[in-house]
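Scope of the values below: all heavy atoms of this structure, side chains included, with no hydrogens, waters or symmetry mates.
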Amino acid sequence: MHIRNKTTLLAIIVFTALYGCDSDDSPASDTSTSMPAPGETPGELVTVAGLDGLWKRACTASASSSEYSSAEMNIAENVATITESYFTDSACSTPASPAVVVTENSLVFDESVTATALGDANNVESTVESKSVDGSNVTEGVNVVTYDLLLLTNNTLYFGDKSAEGSGTTEALRPSTLDQTITWSNL
């Protein structure tokens, strides 16, 4: 290869290195966000005042089995981490198998509300981002979206009544009433 060709090749490599990348490729300075879907415009995140913090649900019977469970939910900036512990007895003292399921859920609130007997509930879309069962990561149930209601009143958190078949599986099947039998208390 002639010197002129080597010089040209070197110039192309230097040009690509200098101009082909942005000035700072470090992850710490990356402030990019994902683009909205075609036809959608980005908007501000809707939040619910007083929602951030630790919430607890008392021991309740499972609707689908003979097990019982209690749960804690830590909400911070539209992310809810739920730790649900399963038991074989109504006092929630004898662990079942599996015993502990932890999910991390992203929460997206839209600006609309649904009128309920207890007040206007926020419409929320919850997506399971990760899940572990007794400390082992699993993929079953990850990326599942639930369309729900959420009402915070007097340090009590209510979610939609999802007892009807398919309730919450689509936006059209979002619950229209609150489940007043299962509540969460702020700790």
Indicate the atoms forming the closest heavy-atom contact of [X] with [Y], along with that distance.
X    : Y    : result
Y68  : C59  : CB-SG, 3.9 Å
V133 : P98  : CG1-CB, 3.4 Å
T170 : Y147 : C-CD1, 3.2 Å
W55  : G50  : CZ2-O, 3.7 Å
S112 : D110 : OG-OD1, 2.6 Å
S176 : L149 : C-CD1, 3.8 Å

Please list all pairs meeting side chain to side chain donor-acceptor pair (under 3.5 Å) that have one or both residues in residues 86-106, counting only residues at least two apart or in different chains.
E84-Y86, D89-S93, T103-N105, S106-E129
Starting from [Y], can I reach [X] by hopping between I/L/V/M/F/W/Y residues whose side chains sit under 4.5 Å apart?
X    : Y    : value
I75  : V48  : yes
V142 : V144 : no
L152 : V124 : yes

Are [X] and [Y] side-chain neighbours, meaning at least one heavy-atom pair lies under 4.5 Å?
X    : Y    : value
T146 : V128 : no
L118 : Q180 : yes
Y158 : W184 : no
S70  : T60  : no
L157 : L151 : no
E72  : T81  : no

Start with the C-alpha distance between T183 and F159, add both sets of side-chain angles, then the distance that settles side chain to side chain contact (heavy atoms under 4.5 Å, CB included), and finish with yes or no.
CA-CA 8 Å; T183 61; F159 286 96; over 6 Å; no
Side chain to side chain contact (heavy atoms under 4.5 Å, CB included) between N123 and E171, worked out:
CA-CA 10 Å; N123 291 339; E171 194 166 357; over 6 Å; no
Just verifying a value: how many Å separate [X] [atom1] and [Y] [atom2], rounded to the nearest 0.5 Å?
X    : Y    : atom1 : atom2 : result
N122 : E111 : CG    : CD    : 11.0 Å
I182 : S69  : CD1   : OG    : 7.5 Å
L187 : N74  : CG    : CG    : 10.0 Å
D148 : D161 : CG    : CG    : 10.0 Å

Quick one: does any side-chain atom of [X] pair with a main-chain N or O of [Y] as donor and acceptor, under 3.5 Å?
X    : Y    : result
N78  : L107 : yes
R57  : S185 : no
N155 : N186 : no
N154 : T156 : no

Connecting only ILVMFWY residues whose side-chain heavy atoms lie within less than 4.5 Å of each other, what is the rest of L173's hydrophobic cluster?
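ILVMFWY cluster around L173 holds nothing else.
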Go through the steps to decide whether T127 and V145 satisfy the test side chain to side chain contact (heavy atoms under 4.5 Å, CB included), and finish with yes or no.
CA-CA 4 Å; T127 303; V145 177; 3.5 Å; yes
Answer yes or no: is there an ion pair linking D179 with K162, defined by an N-O contact shorter than 4.0 Å?
no
Carefully, step by step, assess V100 and T83 under the rule side chain to side chain contact (heavy atoms under 4.5 Å, CB included).
CA-CA 7 Å; V100 179; T83 303; 3.8 Å; yes
Show your reasoning for whether side-chain hydrogen bond (donor to acceptor under 3.5 Å, both in side chains) applies to R174 and S167.
CA-CA 6 Å; R174 182 187 306 274; S167 184; over 6 Å; no
